[in-house]
Amino acid sequence: MPENSSAYSGGPVRVRFAPSPTGDLHIGGVRTALFDYLLARNTGGQFILRLEDTDRNRLVEGSIDKIYESLRWVGLEWDEGPDIGGPHGSYVQSERVESGIYADAANRLIKKGLAYECDCTPERLERVRERQRATKQAPGYDGHCRTRDPQELADSRAAGNPIVVRLMVPRGRTANFSDEVRGNVSIKYQDISDFVIQKSDGFPTYHLAHIVDDDDMKITHVLRGEEWLPSVPRHLLIYEGLEIPRPVYAHLPVILAEDRTKLSKRHGAASALDFRDAGYLSGAIFNFLALLGWSPGNDLEVMSREETIAKFSLDRVKEAPALFDRSKLEWMNGTYIRQITVDELVDLAIPFLESGLPAHAPRPIEAARVRPLIAMTQERMKTLAEAPEAIDLFFEDAINPTPEELIQKKMDAASTASALETSLNIIRDFEPFEPEPLEVRFRALAVELDVKIGALFGSIRVATTARKVAPPLFDTMVALGRDRTIERIENAINSLESAAG
RNA sequence: GCCCCGUUAGUGUAGCGGCCUAACACGUCACCCUUUCAAGGUGAAGAUCACCGGUUCAAAUCCGGUACGGGGUACCA
């Protein structure tokens, strides 16, 4: 039985996502934020965004905006945060330091004899570690300053030596606690050395800062990656020392790439914005990420945001690492592309068309112009990034199909040329120039010419698109327009004749 | 090294002691639809539930060990 349980007793939760502004927001971070969001919305609670920037050396310019942008793109709106404020601000740790809340907490722990100051130099720490390696002992701080004479420390401080505060980890005790996804866990304090809670620059470490802030912000549930699980005993010690109730813990499974190593840049897109730029839809990412470590317990996979919120619960989060299956994401994105309206798809596709369509296509890309083209390729697209290549054939001035491509099964250059010639004559003054009537006429033509429908349509398709795979033929003709259709077929006949001649 | 967590078809998941002769989805293959490709439909192949023991009338499910994988062991989060 866990000796240490949380004060939470049901009802709306308060959860926070607390990234460090140290670069792009990794997709794993977004997944954590998503689970926070889902839990908050499911229980009618609050989702809070907080910036943990206590490591002054790792700050990366611009990453805060990227965090906002990533979260908003996926649709994870926060209820309190650095940019929108809230009753428990500031929501940026570095801005909270001067209020003294972290130093106060550290001092309280020192006064109670649960923490102590330490002036060990990095060099000494390195020597200790070396010795431990040599004697095959567990690496970690040796507790040297636990028993230092207070006067000695005071002198050291006066001499300008950097001082940190370490928590005194009790030997012989065991931390027993319950985690919402892993169940009961027990870890011996034996294996944990006295860790730093306040750095020599006066900033708290994560261990101290997040606890002080979570308490101040009335956080009820802590959701984070499972890499934090072994740190829980340290945190329990701080909660105990500060006499504040601990939150409910849920350590989420890591996300692995297909090669079973942690998903990273190496595997291509890894940050949320990478996925946006690769042409994935926000809804698809939301849906896919929700399934990364969680499932509703039935066969449902494609779910709306509302459904996901309604069904989400921590006890259905999986313990095993979640594997990021890109081919499944592609499939899911395709289903989302097919679900939205043509107009929505056009809006989403235009940025991709602006950059991906041939240079001579008129800019800016007009929605009305590309709408019919997008409409006929919608169900063939898996990502928005495929939009340009799906419709660029409509923007080419001249296409040059080879005779080999034009000539279909059981046909030769002469019969192909003559079939195209006949087709051309029909197209020149066929009315109305619309898909259905055209199809009826050309089906009849195949019979008249005694060739397979597939062969006739195939050579016309190659003649008009220079592709074997293209949108439906008569939609293509109409989209191309009568004049350009004629031009392209004439061009194809010429190439057949010059090859034969 | 030590500590923690995990392990169900190629992949993602469902399974919470008897309904499991293990389900669903992606992927693969076949067929249907069909002017190509998609989409859609139907079906097939694919798992001795990591391994070895134990508990039980009964184990994918509970317990122990082993193997493998991941994580932790910082004045990083």
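Order of the sequence lines fixes the chain letters, A, B, ..., with proteins taken first and strands second; residue numbering starts at 1 for each chain. Note that this is a predicted model, so its numbers are computed, not measured.
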Given C5(B), U36(B), C76(B), which nucleotide is nearest the side-chain atoms of Asp55(A)? C76(B)
Could you give the CD-to-P distance, from Glu301(A) to U11(B), as a whole number of Å? 16 Å
Describe the nucleic acid contact of Leu229(A) in one word from base, sugar-phosphate, nothing, applying a heavy-atom distance below 4.0 Å. sugar-phosphate
So which nucleotide from G1(B), U13(B), A77(B) ends up closest to the side chain of Ala138(A)? G1(B)
State which of U7(B), A77(B), A25(B) makes the closest approach to the side chain of Ala320(A). U7(B)
Rounded to whole Å, the CE-P distance (Met303(A) to G12(B)) equals 17 Å
From the candidates C75(B), G40(B), C5(B), the one with an atom nearest any side-chain atom of Arg182(A) is C5(B)
note: Asn287(A), atom CG; G12(B), atom P; distance rounded to Å ~ 18 Å
Could you tell me the separation between the CG atom of Leu289(A) and the P atom of U13(B), rounded to a whole number of Å? 13 Å
Looking at G1(B), U8(B), C3(B), which one has an atom nearest to any side-chain atom of Lys318(A)? U8(B)
Please name the nucleotide paired to C62(B) by Watson-Crick or G-U wobble geometry with both distances under 3.5 Å, or report none. G54(B)
Look at the side chain of Arg380(A) and decide which nucleotide, out of C3(B), C37(B), C5(B), has an atom nearest to it. C37(B)
Against the side chain of Val185(A), the closest entry in G12(B), A77(B), C5(B) is C5(B)
What is the distance, to the nearest angstrom, from the CG atom on Leu256(A) to the P atom on G6(B)? 15 Å
Using both distances under 3.5 Å as the test, list the Watson-Crick or G-U wobble partner of U48(B), or none. none
Is the centre of the Phe324(A) ring less than 6.0 Å from the centre of the Phe275(A) ring? yes
Send over the distance from Asp213(A) CG to A77(B) P, rounded to a whole Å. 13 Å
Report the nucleotide, chosen from G6(B), U73(B), C75(B), that has the shortest atom-to-atom distance to any side-chain atom of Pro321(A). G6(B)
When all nucleic acid strands are considered with a 4.0 Å heavy-atom cut-off, which category describes Val196(A): base, sugar-phosphate, or nothing? sugar-phosphate
Given Asp53(A), Asp216(A), Asp104(A), the one that forms salt bridge (Lys or Arg N to Asp or Glu O under 4.0 Å) with Arg96(A): Asp216(A)
